[in-house]
Amino acid sequence: MAADTPTETAARQHTEPATATAPTAPAGALKADAIGFLDALAIGLNATSPAYSLAAVIGPLVVLVGVHAPGVMLASFVPMLLIASAFHYLNRSDPDCGTTFSWATRALGPTTGWLGGWAIAMTGVLVVGSLADVAVGFGLLAVGADGLAGNALVREVLTVLLILVMSWLCVRGTEASARFQNVLVLLQVICLVVFAAVALYRVYAGTGSLDAVRPAAGWLNPFGAGGSALTGGLLLGVFAYWGWESALNLTEETKDSANAPGRAGIWSTVVLLATYLSVAVAVVAYAGTAYLAGRADTEEDVFAALAHEVLGGWDWILLLAVSTSALASTQTTIIPASRTALSMARRHALPARFARVDPRRGTPGTSTWWVAGTATVWYVVIHRISENALADSLTALSLLIAFYYALTGIACAVWYRRRLTRGLRPFLLLGAGPLVGAALLVWLLVESVADMADPHNAASSTAWFGLGAPLVIALFLSAAGVVLMLVRRAASAAFWRERPGTHQDTPPA
């Protein structure tokens, strides 16, 4: 009898009766072969929201490192690439839509896996509302409805409606979502390229309206502003790159599920690097450091100002890029959280209802609407507290990202530990690379916690209970996760009977 492929193995694991070592719950299957490699690549790119991420980080980044902002974006790429490689090779062995949850469970144990899955789910809750809010705001600005864009109630209502529409599109079908994402990524990239090209042309032509600075090779040196500045800059860079792994959460719905999603994740980081470097260089060169630093507190609004400075009456092009970017990411950020909840439910780590899959559309309706509903409530409550609280939620996001990315790198090295001594390639790709990426992220996590513990040093000046608000939010969500895990374990201990090592050790090509 021929050996099972990784895809067949994963499918069998999700339909066979539960056992004491690897319990699963047959709860329906996601629609196989719904999308291809290019679709997965588009979803991975859109999940990072390139235009929005650049708009949100470029001002604060310039405050920290000045003209070396492009260099820090380059340095931030290193841990992302190493962790993307870990995602790729873990997916080859276990193409499960729960990604980190499944891999950490099988490599490190169910408690660690559960916490990794919870972190992924909570990133969706924290960021979906903010992304939808930005999509609405910049969309209104792009069509000249500045008054409505400045009306908090109008934006809130439209944001909630947008979350519901994007969730409905996710439930409607993965193919429909992929087609929508392909259009959005193309539109977004075209707008960014036009903006960067015009900005650089005006810099070299001497027709810029701000304090232009001609680009220099030294801008790519991430250490130019010193070590402490680099630490803060890398934290911003991690946020900017986050999201590419959405392609791997669709692994069970992608053709060649053992290879295509992982390659899409890796190529997403490479394309992002090229995009971030070109646009960052263009922005810093055209605006100069003083202009950007002076508008760092407005975050993404700096692009609204730059749009008019660079493009004049065509400023809607950049405004449309940011709106499109946030719109696409609103949908794609729902995907990892909903698929992770589905995977957790199939293994009895969450109630069985989260594992329900629409038999006709092949999408996880229950878990998708749960993510949408929770994210909507979080957005409305936080938005009513203050605009600062909404920004603090995004800052707290970096802690969760660093945690589950680092966990994935460690899981990869542990998973393939028996292969690390079989040659230089396995040692570097399966062990050293993922562990270096994980170590960098753990370092950033520790530095970030230390910074946020003092509200005067934190990314937000808001203080809650004597700590920076972002740290309080992260601690609250972590504590809630631990409590829910204990409650779930008391209700059904089947998942916690799993033991590390129950996986197929598939070698890399």
Side-chain angles (χ1 to χ4, degrees), residues 3-10 12-14 19-24 78-120 244-245 248-249 251 257-259 261-263 265-266 269 340 343-344 347 349 401-446 495-509:
D4 286 344
T5 66
T7 306
E8 291 166 341
T9 300
R12 186 177 75 261
Q13 289 171 344
H14 296 155
T19 66
T21 56
T24 58
V78 175
M80 289 300 100
L81 181 63
L82 295 175
I83 296 302
S85 177
F87 268 82
H88 172 56
Y89 287 117
L90 284 168
N91 182 71
R92 293 196 61 188
S93 232
D94 182 21
D96 188 294
C97 67
T99 60
T100 299
F101 158 73
S102 180
W103 305 330
T105 296
R106 296 183 186 275
L108 303 171
T111 297
T112 305
W114 201 99
L115 293 175
W118 176 254
I120 295 174
W244 48 264
E245 77 276 9
L248 288 102
N249 289 101
T251 185
S257 63
N259 295 292
R263 289 200 304 269
I266 292 174
T269 63
T340 298
S343 179
M344 293 176 76
R347 301 270 279 276
I401 297 169
F403 171 70
Y404 79 81
Y405 274 2
L407 195 62
T408 307
I410 296 169
C412 184
V414 173
W415 185 296
Y416 286 110
R417 62 190 180 277
R418 296 184 182 88
R419 293 190 171 272
L420 301 185
T421 58
R422 299 185 186 180
L424 182 61
R425 179 185 171 95
F427 176 78
L428 293 176
L429 296 180
L430 305 178
L435 284 179
V436 169
L440 289 171
L441 289 166
V442 169
W443 168 61
L444 290 173
L445 178 62
V446 172
F495 169 68
W496 281 270
R497 288 197 294 268
E498 290 199 35
R499 293 294 178 266
T502 55
H503 63 267
Q504 177 185 356
D505 188 8
T506 303

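Every value quoted in this text rests on a predicted model; they were computed, and no experiment measured them.
- Atom OG1 of T340 and atom CZ of F101 lie 8.5 Å apart (nearest 0.5 Å).
- Considering only heavy atoms from C-beta on, R419 stays 4.5 Å or farther from Y89 through its side chain.
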Handout entry: Candidate pair D96 and R347, rule side-chain contact (heavy atoms from CB on, under 4.5 Å), full reasoning
Key = CA-CA 11 Å; D96 188 294; R347 301 270 279 276; 4.2 Å; yes

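- The two residues S102 and D94 have their closest heavy-atom pair at OG-OD2, 2.5 Å.
- Here the closest non-hydrogen pair linking P434 and C412 is CG-SG, 3.9 Å.
- Between F87 and Y405, the closest side-chain pair of non-hydrogen atoms falls below 4.5 Å.
- The structure places CG of L407 at 10.0 Å from CD1 of I83, a figure rounded to the nearest 0.5 Å.
- Scanning all heavy atoms of the two residues, the minimum distance from A411 to A104 falls at CB-CA, 4.2 Å.
- With rounding to the nearest 0.5 Å, the separation of CG in L444 from CD1 in I401 is 11.5 Å.
- Closest approach of A107 to W415, counting heavy atoms only: CB-CE3, 4.0 Å.
- Between the CG atom of L82 and the OG1 atom of T408 there is a distance of 13.0 Å, given to the nearest 0.5 Å.
- Side-chain contact check for E245 versus T99: every heavy-atom pair is 4.5 Å or farther apart.
- Here the CG atom belonging to L424 is positioned 11.5 Å from the CG atom belonging to L420, to the nearest 0.5 angstrom.
- In this structure, the side chains of L430 and R422 stay at 4.5 Å or more apart for every pair of heavy atoms.
- Taking the side chain as every heavy atom from C-beta outward, L248 and L90 never approach each other to under 4.5 Å.
- Here the closest heavy-atom approach between residue T105 and residue E498 is recorded as CG2-OE1, 3.7 Å.
- For T251 against N91, the heavy-atom pair with the smallest separation is OG1-OD1, 3.0 Å.
- Distance alone, capped at 3.5 Å, places no donor-acceptor pair between the S85 side chain and the L81 backbone.
- The distance from the CG atom of L440 to the CG atom of L435 is 11.0 Å, given to the nearest 0.5 Å.
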